[in-house]
Amino acid sequence: MAEFDWYLQVNLKARHLRLLVAIDTYRNLTQVAEITHVTVPAVSKSLAELERGLGLTLFSRTMQGVMPTPYGECLIRHARAMLAILHQARDELKTLSSGAEGKVRIGMLPASASALLPQALSILKQKSPGTNVTVLEGTTESLLPQLWQGQLDLIVGRLPAPDTLSSFDEQELLEEPVVLMTGRHHPLARSKSLKWSDLAAYPWILPPPGSILRDPLERVLEANNVPLSNNYIETLSIHVVRAHLQISDFIAVMAGSIAKDFAQPLHTLPLSLPRLVRPAGMLWNRNRGLTPSAKLMVSCLEDAARQLTAELSTASHQTFAATESVLASTDMR
């Protein structure tokens with residue numbers, strides 16, 4: 001075991017980590033040799049040296065190709081994380097040497113971060129124009145592994161269920177109500193009193209199966225005896241949802257902050273929904289410290305959340321007043 005420890009601490013090199021990741025990616029030594037511009041015997045020799053130094057079999061040859069053993073899977077997982085840290089260090093050094101102030105890599109969960117993140121980025125650029133940001137949009141399933149491996153500094157959006165977050169810390173930022181939305185022209189938009197049964201005649205724009213909001217929404221509709229017809233669209237795209245509501249009689253479920261886009265106003269249906277999902281917030285890897293740039297981004301997200309909370313409160317009052325005015329106008333006719 002002492003020899004094993006010595007090899008890991010003294011003799012394990014970055015080229016070994018890259019070799020492990022390459023073999024795991026392609027599962028074929030010939031392909032690995034081609035992409036690394038060496039011969040197949042050279043790849044085999046490097047792998048054999050690594051296995052001999054560790055005293056462990058990392059890969060086995062099968063009909064499906066070169067497959068990692070449990071030892072290999074463990075070391076590959078950590079190799080990816082270590083390479084991500086090295087790449088992060090490289091990027092920070094490049095950024096500093098170019099005169100910039102830093103870089104932040106953010107994963108954004110679609111829809112749920114649409115208002116929070118842009119506002120935070122605006123604040124960041126006011127405070128520190130030289131801090132640059134890369135934003136990658138994706139699902140919880142695609143972004144969490146990248147956060148764990150160090151490819152992302154933060155994830156911003158609707159917080160997932162706590163049982164998925166064993167390796168991460170979180171901070172709640174914005175309690176956004178989830179509301180039912182239609183276009184302004186929708187037949188239900190002028191209804192004085194609305195019952196759940198009134199929704200049954202209309203098609204839906206739904207979040208896809210497996211997304212954070214889908215199952216809670218289906219449970220609420222089922223509890224209120226609203227069947228989902230076969231006429232629906234599934235998407236997480238805010239742009240698709242907003243655009244389609246403008247030209248159709250579809251109903252969608254959306255975060256309250258999206259409704260405050262007055263350039264293309266939507267109508268909020270006056271039906272009370274329970275708290276279907278957790279607040280919007282941010283996640284980070286508790287085992288890896290935040291860079292100074294990431295800490296600055298955290299501060300900007302906190303500022304943006306405070307601003308949006310105040311704006312949502314104001315927009316709620318304005319929406320109520322506007323609805324009362326429309327209904328009064330309808331009565332006069």
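Just so you know, these numbers come straight off a predicted model, no measurement behind them. Throughout, residue positions are numbered sequentially from 1 according to the sequence presented. What's counted below: heavy atoms across the whole structure, side chains too, no hydrogens, waters or symmetry copies.
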After noting the C-alpha distance and the side-chain angles of Ile247 and His185, does the key distance pass the side chain to side chain contact (heavy atoms under 4.5 Å, CB included) rule?
CA-CA 8 Å; Ile247 59 172; His185 63 280; 5.9 Å; no
Pair Val156, Leu109 - check side chain to side chain contact (heavy atoms under 4.5 Å, CB included), show working.
CA-CA 6 Å; Val156 179; Leu109 299 173; over 6 Å; no
Trp284 and Gln171: CA distance, side-chain angles, deciding distance, side chain to side chain contact (heavy atoms under 4.5 Å, CB included) verdict:
CA-CA 9 Å; Trp284 61 92; Gln171 181 177 335; 4.0 Å; yes
With side chain to side chain contact (heavy atoms under 4.5 Å, CB included) as the criterion, how do Lys127 and Ser299 come out once you've worked through the C-alpha distance, each side chain's angles and the decisive distance to 0.1 Å?
CA-CA 11 Å; Lys127 290 184 175 181; Ser299 174; 3.6 Å; yes
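Taken to the nearest 0.5 Å, the CD1 atom of Ile76 stands 11.0 Å off from the CG atom of Leu17. From Leu194, atom CG reaches atom CG of Leu271 across 4.5 Å, with rounding to the nearest 0.5 Å. Here NE2 of His78 is found 13.0 Å from CG of Leu83. Values are rounded to the nearest 0.5 Å. Rounding to the nearest 0.5 Å places OG of Ser44 at 5.0 Å from CG of Leu29. Interatomic distance, CG of Asp169 versus CE of Met282, reported as 11.0 Å (0.5 Å rounding). With values rounded to the nearest 0.5 angstrom, Leu117 atom CG is found 6.5 Å from Leu301 atom CG.
Residues Phe59 and Thr69 are not in side-chain contact: their nearest non-hydrogen atoms beyond the backbone lie 4.5 Å or more apart. Met297 places none of its side-chain heavy atoms less than 4.5 Å from the side chain of Glu302. Counting heavy atoms from C-beta outward, His186 and His267 have side chains that stay 4.5 Å or more apart. Looking at Arg278 and Glu172, their side chains come closer than 4.5 Å, going by heavy atoms from C-beta outward. Counting heavy atoms from C-beta on, the side chains of Leu86 and Met82 never come closer than 4.5 Å. The closest side-chain heavy-atom distance from Ile251 to Met181 is not below 4.5 Å. Taking the side chain as every heavy atom from C-beta outward, Pro274 and Leu276 approach each other to under 4.5 Å. Annotation: side chain of Leu283 is not in contact with side chain of Leu154 (no heavy-atom distance under 4.5 Å).
A salt bridge is defined here as a Lys NZ or Arg NE, NH1 or NH2 lying under 4.0 Å from an Asp or Glu carboxylate O, and Asp24 with Arg80 meets this definition. A salt bridge links Arg214 to Glu218: at least one charged side-chain nitrogen sits closer than 4.0 Å to a carboxylate oxygen.
Contact between Arg27 and Pro68 at its shortest, heavy atoms only, is CZ-CD, 3.6 Å. Across Ile106 and Leu152, no two heavy atoms sit closer than the pair C-CD2, 3.9 Å. For the residue pair Val32 and Tyr26, the shortest heavy atom distance occurs at CG2-CB, 4.2 Å. Nearest approach of Leu144 to Phe168, heavy atoms of both residues: O-CZ, 3.6 Å. Residues Ala280 and Leu116 come closest through the heavy atom pair CB-CD2, 4.3 Å. Listed here is the closest heavy atom pair of Lys103 and Thr134: CE-OG1, 3.1 Å.
Using a distance-only test at 3.5 Å, with no hydrogens or angles considered, no donor-acceptor pair links the side chain of Asn224 to the main chain of Val226. Under a 3.5 Å cut-off, the side chain of Gln151 and the backbone N or O of Leu147 do not form any donor-acceptor pair. Looking only at distances, no side-chain donor or acceptor of Arg158 sits under 3.5 Å from a matching main-chain atom of Leu213.
Looking at residues two or more places apart in sequence or on another chain, you find a ring-ring contact (aromatic ring centres under 6.0 Å, His included) between Phe250 and His244. Residues passing the side chain to side chain donor-acceptor pair (under 3.5 Å) test with Arg275, sequence neighbours excluded: Glu175. With sequence neighbours excluded, the residues forming a side chain to side chain donor-acceptor pair (under 3.5 Å) with Lys125 are Asn132, listed by chain and number. Looking at residues two or more places apart in sequence or on another chain, you find no ring-ring contact (aromatic ring centres under 6.0 Å, His included) involving His16. Contacts of Arg306 classified as side chain to side chain donor-acceptor pair (under 3.5 Å), with partners at least two apart in sequence or in another chain: Asp303.
Checking each of Leu296, Thr131, Leu290 against Val104 for a side chain to side chain contact (heavy atoms under 4.5 Å, CB included) leaves exactly one that passes, namely Thr131. Under the side chain to side chain contact (heavy atoms under 4.5 Å, CB included) test applied with Met108, the options Ile155, Val135, Leu136 reduce to a single match, Val135.
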Show every donor-acceptor pair shorter than 3.5 Å between a side-chain atom in residues 197-209 and any protein atom, with sequence neighbours excluded, or say none if there are none.
{"residue": "Asp198", "atom": "OD2", "partner": "Lys195", "partner atom": "N", "Å": "2.8"}

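Val21 and Met67 fall into different hydrophobic clusters, where Ile, Leu, Val, Met, Phe, Trp and Tyr side chains are chained together by heavy-atom contacts under 4.5 Å. In the hydrophobic clustering of this structure, Leu58 groups with Leu12; members are Ile, Leu, Val, Met, Phe, Trp, Tyr whose side-chain heavy atoms approach within less than 4.5 Å, directly or through other members. In the hydrophobic clustering of ILVMFWY residues, with side-chain heavy atoms under 4.5 Å counting as a link, Val38 and Leu20 come out together. Cluster membership for Val298 and Ile123, using ILVMFWY side-chain heavy atoms within less than 4.5 angstrom, is not shared. Connection of Val43 to Leu54 is established within a shared hydrophobic cluster, with ILVMFWY side chains joined at heavy-atom distances below 4.5 Å, either directly or through further cluster members.
Counted within 6.0 Å of CD on Glu222, heavy atoms from surrounding residues, nucleotides or ligands total 12 or fewer; the atom is thus considered open.
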